[in-house]
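Notes for the one structure printed next.
These numbers come from the heavy atoms of this one structure, side chains and all, not from hydrogens, waters or symmetry mates.
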Amino acid sequence: MNLKLFLERQTSKCLSELGLDNSALVKQSSRPEHGQYQANGVMGAAKKTGQNPRQLASDLASLLQEKNDPNNFELEVAGPGFINFTLSGEFLSKTLHDLEKDPRLGVSLDKKRKILADYSSPNLAKEMHIGHLRSTTIGDACSRILEFLGHEVVRVNHVGDWGSQFGSLLAYMDKLSEAESNLGSELKDLELFYKKATELFKEDENFAKSAREYVVKLQSEDPQCMKLWSQFIAESLDHCQNVYERLGVALKKENTVAESFYNNQLNAVITDLESAGLITLSDGAKCVFLDAGKGRDGEPTPAIVQKSDGGFPYIATDLAATKYRSKALQVDDALYFVDARQALHFKDLFKIAKRAGFIDGNQNFVHIANGIILNKEGKPYKTREGGAVKLAEVIDESISRAKLIVSEKASEMPDEEQKRISELVGIGSIKYAELSKNRTTDYVFDWDQMLSFDGNTAPYLMYAYTRIRGIINNSGVPSDKNKNRFNLTDRSEVKLALKLVQFTESVEAVVEDYNPNLLCNYLFELAQIFMAFYEHCPVNSSEQATKESRIHLCDLTGRVLKKGLELLGIEVLERM
RNA sequence: GCGCUGGUAGCUCAGCUGGAUAGAGCAUCUGGCUACGAACCAGAAGGUCGGGGGUUCGACUCCCUCCCAGCGCGCCA
């Protein structure tokens, strides 16, 4: 049961019986002295009708008492008109007992929707770097959570596999194959490959000429060119897939729908825009003028959907994608997990798509913007200039740092197990570092910070889990559920119990605006509360009834931690 | 020039549709391993929430203005 929702409904119902249609605005209390939940809506409601807020709060409290089982919670009217709720131990214990029997841990299913999640979406011309981490981890976590809530999630990796940037790469491949170099091994380091190709482009006239010709060949789908291109793309996709697998990201190759997939739909898109009367010809380019945008010169700026040379800029591809997602896939929602610099692009894109009838009014196409990762100087990494830390490198470094600690703290464990622990701790740390931050703010990349294993980090949560497993394994108590109710006597038991029943509140909060950091906050707080409980309340040395109640509390905490971390895409260990 | 983000403790960040005395982590200081696992716990210290106005019972949150930083704005993706 969602306690917050329960109290909100009860209170709002009573409020409306008093003739007021305001929401009760029930929230988790800001401080323990104010109970466990508080209703903030009374003051606003009183203001509307000119009543005395204290009086209204007190009337409302009486009505609430009357309509509810008096054994459920105590009420207190406080301050200018707050109502504070304190749940009874028995009510909490009962709620917890229900939670224990529920494989979904109190999280109910939503009305099912078909939701497309477009995330990661790297450019295949280059190796994945640190900048791709946000979209990838946030998109993945949100997808997992939406699935858990019962939605059909269509994962899409909209990779960049087309455009003029491939000219140099293909020309370089051509050059290498002529020189009979080992193309395969050259391609292993995509970053270096890209760098060499761009350098040649700058320095070598002939090469530059060849590169430009390859752009044309690519557009006309020249067979020899397409062969090289396919080889390159396959190599690059393998690289991405390798990163996803190492990171434990649920993207599969079959989730890839590359830009080139839409090539044969682009002309139709332009025709659609023309028949919708949206196209204006300007300097030979086909443009859509939107009311809002003004450029540097104060003139309205168009979105160019077809260049004067007949080529298509990426908004054309994206328009084709919205149409495809809407009409062919028939999604209810489409979430684009892409960095905030694209905000204007998506604003234009969705506006045009709506006007052209690609998206209908019931569909939500929305840009879930994430902040960008900055370098030490506080500047964004420029993809085109390179220099961004490779994602594969971050993974390697994190695992090797974890290895160092594991070999020190768990030297008695077999090498295989140490290796496995290092991997999960290393990967978990990276993902948690990313997910626990607010999605929208930019942050400076720092090795030590991202790969820290102390405090509010993945290892802390994983460690809490191993402590729980340790207790349970030593307890000798069989893990059959449906036991008696919890016996919550110590304050730290009550705190833990309350936190556990709030799991559903945090999961639901995430999808309200796609903020996985809210779940991270919750899990960290849960682990902290558990740690305090662990210090205060002996489990296995307590007398039988207390021991059993506490074992169940531990077990439930473990289940919530495991589930929560799983929703973030992080695995737990039995010991570490 | 216009637009979009953001500015909270020494550092990195939370702060949930306006709610009660602004919270964590790291770093610093003090205490705790013959103890269900010290990747931990208990405690201390640390703040004009960028500045200034305004709205109201109440503002980190909403409005205005200014300052600072980053990003975006006609043929790159």
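Look at B:A27: it lacks any Watson-Crick or wobble partner with both distances under 3.5 angstrom. Remark: B:C49 base-pairs with no nucleotide; criterion is Watson-Crick or G-U wobble with both hydrogen-bond distances under 3.5 Å. Using Watson-Crick or G-U wobble geometry with both donor-acceptor distances under 3.5 Å, B:C62 finds its partner in B:G54. When Watson-Crick and G-U wobble pairs are counted only if both distances are under 3.5 Å, B:U5 pairs with B:A69. A 3.5 Å limit on both hydrogen-bonding distances identifies no Watson-Crick or G-U partner for B:G18. Across all strands shown, B:C76 remains unpaired; no Watson-Crick or G-U wobble contact has both distances below 3.5 Å.
Taking atom CD of A:Gln306 as the reference point, atom C1' of B:C75 lies 11 Å away to the nearest angstrom. Atom-to-atom, CZ of A:Phe524 to P of B:A24 comes out at 10 Å; the value is rounded to the nearest Å. The distance between atom CZ of A:Phe312 and atom P of B:C75, rounded to the nearest whole Å, is 17 Å. With rounding to whole Å, A:Arg575 atom CZ is found 15 Å from B:A39 atom P. Here the P atom of nucleotide B:A38 and the CD atom of A:Gln528 are 17 Å apart, to the nearest Å. Rounded to an integer number of Å, the gap from A:Asn517 CG to B:A24 P is 17 Å. The separation between A:Ile471 atom CD1 and B:A35 atom P is 15 Å, rounded to whole Å. Atom CH2 of A:Trp162 is separated from atom C1' of B:A77 by 14 Å (rounded to the nearest Å).
Closest to the side chain of A:Gln38, out of B:A20, B:A39, B:A77, is B:A20. When distances are taken from the side chain of A:Thr466 to each of B:U17, B:G37, B:A77, the shortest belongs to B:G37. Each of B:A39, B:A77, B:G19 was ranked by its minimum atom distance to the side chain of A:Ile405; first place goes to B:A39. The side chain of A:Tyr463 lies closest to B:A39 when the candidates are B:A39, B:G23, B:C36. Listed nucleotides: B:G72, B:C76, B:C41. Nearest to the side chain of A:Glu535: B:C41. In this structure, the nucleotide among B:G74, B:G37, B:C73 sitting nearest to the side chain of A:Tyr534 is B:G37. In this structure, the nucleotide among B:C40, B:C57, B:C73 sitting nearest to the side chain of A:Tyr460 is B:C40. Distances were taken from every side-chain heavy atom of A:Met531 (C-beta onward) to each of B:G19, B:C41, B:C75; the shortest belongs to B:C41. You'll find that the side chain of A:Asn456 is closest to B:G25, out of B:A14, B:C71, B:G25. Taking every side-chain heavy atom of A:Pro302 into account, B:G74 is the closest of B:G74, B:G72, B:A39.
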Where do N or O atoms of nucleotides 4-13 of chain B meet protein N or O atoms at under 3.5 Å, pair by pair?
residue, atom, partner, partner atom, Å
B:U12, O2', A:Gln449, NE2, 2.3

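You can call A:His34 stacked on the base of B:A20; the centres are under 5.5 Å apart and the planes sit within 30°. Once the 5.5 Å centre distance and the 30° plane angle are applied, the aromatic ring of A:Phe82 is found stacked with the base of B:A20.
Taking both residues in full, the closest heavy atoms of A:Ala316 and A:Val305 are given as CB-O, 3.5 Å, listed atom of the first, atom of the second, then distance.
Between A:Phe350 and A:His367, the ring center distance fails the sub-6.0 Å criterion. A:Tyr336 has its ring centre less than 6.0 Å from the ring centre of A:Phe346.
Judged by atom type and distance alone, A:Tyr314 reaches the base of B:A77 through a side-chain donor-acceptor pair under 3.5 Å. Counting distance only, with no hydrogens placed and no angle test, the side-chain atoms of A:Asn84 and the base atoms of B:A20 include a donor-acceptor pair under 3.5 Å.
Among the heavy atoms of the strands lying under 4.0 Å from A:Pro313 are primed sugar atoms or P, OP1, OP2 only; no base atom is included. Residue contacts for A:Met462: at a heavy-atom cut-off of 4.0 Å it reaches no nucleic acid atom on any strand shown. Heavy atoms of A:Leu344 sit under 4.0 angstrom from primed sugar atoms or phosphate atoms, though from no base atom. Within the 4.0 angstrom heavy-atom criterion, base atoms lie near A:Cys537. Residue contacts shown for A:Asn521 are limited to sugar-phosphate atoms, with no base heavy atom under 4.0 Å away.
Neither OP1 nor OP2 of B:G74 sits under 4.0 Å from any side-chain N or O of A:Ser282. Residue A:Arg31 places at least one side-chain N or O under 4.0 Å from the OP1 or OP2 atom of B:G23.
Looking only at atom types and distance, the side chain of A:Thr457 has no donor-acceptor partner in the side chain of A:Asp454 under 3.5 Å away.
Positionally, the nearest nucleotide of RNA chain B for A:Asp339 lies more toward the 5' end than for the other of A:Asp339 and A:Gln342.
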